[in-house]
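One structure below.
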Amino acid sequence: MAQALRLPNLGLKRSLRRDEEYNHRQWSPVRSLQSPTWLKEIYDRISSLAKLEENWDSYGGLPVALGAASMIRVLLSNLDIEDMPRPHVAAIPDGGIGLHWRVAGRDLEIEVEPNGNSVHILRTNVGGEPIAGDVQTLKDAQDALDWVLGR
Amino acid sequence: MHQTHHDAEDIQDDDLLLRRITPAQHTAPQPDGTRILTGFAFRERTHEFSMYVAKEVTHEKVLSCGFPTQEIVEVRAGDVRKLGYMIVRDPDDCDNSHVFAKASIRKSKGQIEKDCKALAELVNARNAGRHPNTSQ
């Protein structure tokens, strides 16, 4: 039986499900005009990571869970990523998913838990100590992206 | 059932430990064409990462127990210990040289993520021929 997908409230501009306000309209909001060229490729990769076989890493790793895949799409859809370089997307053995950027010595990993309910960030100035944090709002994630771009 | 783990005293700090990685997941391509290791490379479901003692096994043997696309990275036993882990002997189906890192004290998931990242950066620094604490 299908289970409802629970998502944390990150102050999202829109949810995965179509908002009621859009239900009576005959159009959908268009966002793709401002999307980076790599976004579709990344969405495709996220889908492929959900199809990994168990033990894909030879250490018993799980495929990316539905909740994690959904949440990472929500994040990418709601963050200002137009100027971001293409991230590296990785499966995490517990069923989570991670994004990685490194720009000019600033390294950022964003990790979504398998159920999609928690998002963590890890910032590292290359050569320095990693700094971990939780993402409570979209602004936290946006601040991390801005940091990696040095803005 | 509680199980007590012991740090393997016969594994010296300078001994190298081998870990299989999956490059498509664990290495990130850079604009200059190189690839760097990410902290995800040391993550496991159990939060304790598997390795093999390099002086007791060949790269080929370790790779033969994984998948054809996998590669090996090396970490110093002393670097793993410095982060607060014991190196526990745990012979497995692949080889008797198998060990796993076990946190000496309880660590949060966030702390383990930081440790995995720190190990990945040590590997990257070694591959780049420099120590991470001397570069900016």
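Per chain, numbering begins at 1; letters A, B, ... match sequence-line order. For clarity, every value in this text was computed on a predicted model and none was experimentally measured.
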Please say whether more than 12 non-hydrogen atoms of neighbouring residues, nucleotides or ligands are located less than 6.0 Å from [atom1] in [X].
X	atom1	answer
B:Asp93	CG	no
B:Lys61	NZ	yes
B:Lys82	NZ	no

(request) Would you mind reporting whether A:Asp57 and B:Gln25 have side-chain heavy atoms less than 4.5 Å apart? (result) no

(message) Among B:Gly110, B:Cys94, B:Gly39, which residue has the highest count of heavy-atom pairs closer than 4.5 Å to chain A?
(response) B:Gly39

(message) Counting heavy-atom pairs closer than 4.5 Å to chain A, which one of B:Cys65, B:Ala28, B:Pro29 comes out on top?
(response) B:Ala28

(request) Would you confirm whether B:Glu113, through its side chain, and A:Ala132, through its main-chain N or O, come within 3.5 Å as a donor-acceptor pair? (result) no

(message) Treating A:His88 as the side-chain partner and B:Thr27 as the backbone partner, does any N or O pair qualify as donor plus acceptor under 3.5 Å?
(response) yes

In terms of heavy-atom proximity below 4.5 Å to chain A, should [X] be classed as side chain, backbone, both, or neither?
X	answer
B:Gln30	side chain
B:Ile21	neither
B:Gln70	side chain
B:Thr22	side chain

Which heavy atom in [X] sits nearest to a heavy atom in [Y], and how many Å separate them?
X	Y	answer
B:Arg20	A:Tyr59	N-OH, 3.0 Å
B:Ala118	A:Pro130	N-CG, 4.3 Å
A:Ser58	B:Phe67	N-CE1, 3.5 Å

Using the rule that Ile, Leu, Val, Met, Phe, Trp and Tyr join whenever any side-chain heavy atoms are under 4.5 Å apart, tell me whether [X] and [Y] fall into a single cluster.
X	Y	answer
A:Trp38	A:Leu79	yes
A:Ile110	A:Ile46	yes
B:Met51	B:Leu122	yes
A:Val112	A:Val148	yes
A:Leu108	A:Met84	yes

(message) Out of A:Leu52, A:Leu62, A:Leu49, A:Asp94, return the one with the most heavy atom pairs under 4.5 angstrom to chain B.
(response) A:Leu62

Side chain, backbone, both or neither of [X] within contact of chain B (heavy atoms, under 4.5 Å):
X	answer
A:Trp101	neither
A:Asn55	both
A:Arg123	neither

(request) Please round to the nearest 0.5 Å and tell me the distance separating atom NE2 of A:His100 and atom NZ of B:Lys117. (result) 4.0 Å

(message) Within this structure, what is the CD1-NE2 distance for the pair A:Ile92 and B:His26, rounded to the nearest 0.5 Å?
(response) 9.0 Å

(request) For B:Glu121 and A:Thr124, test the side chains for any donor-to-acceptor distance below 3.5 angstrom and give the result as yes or no. (result) no

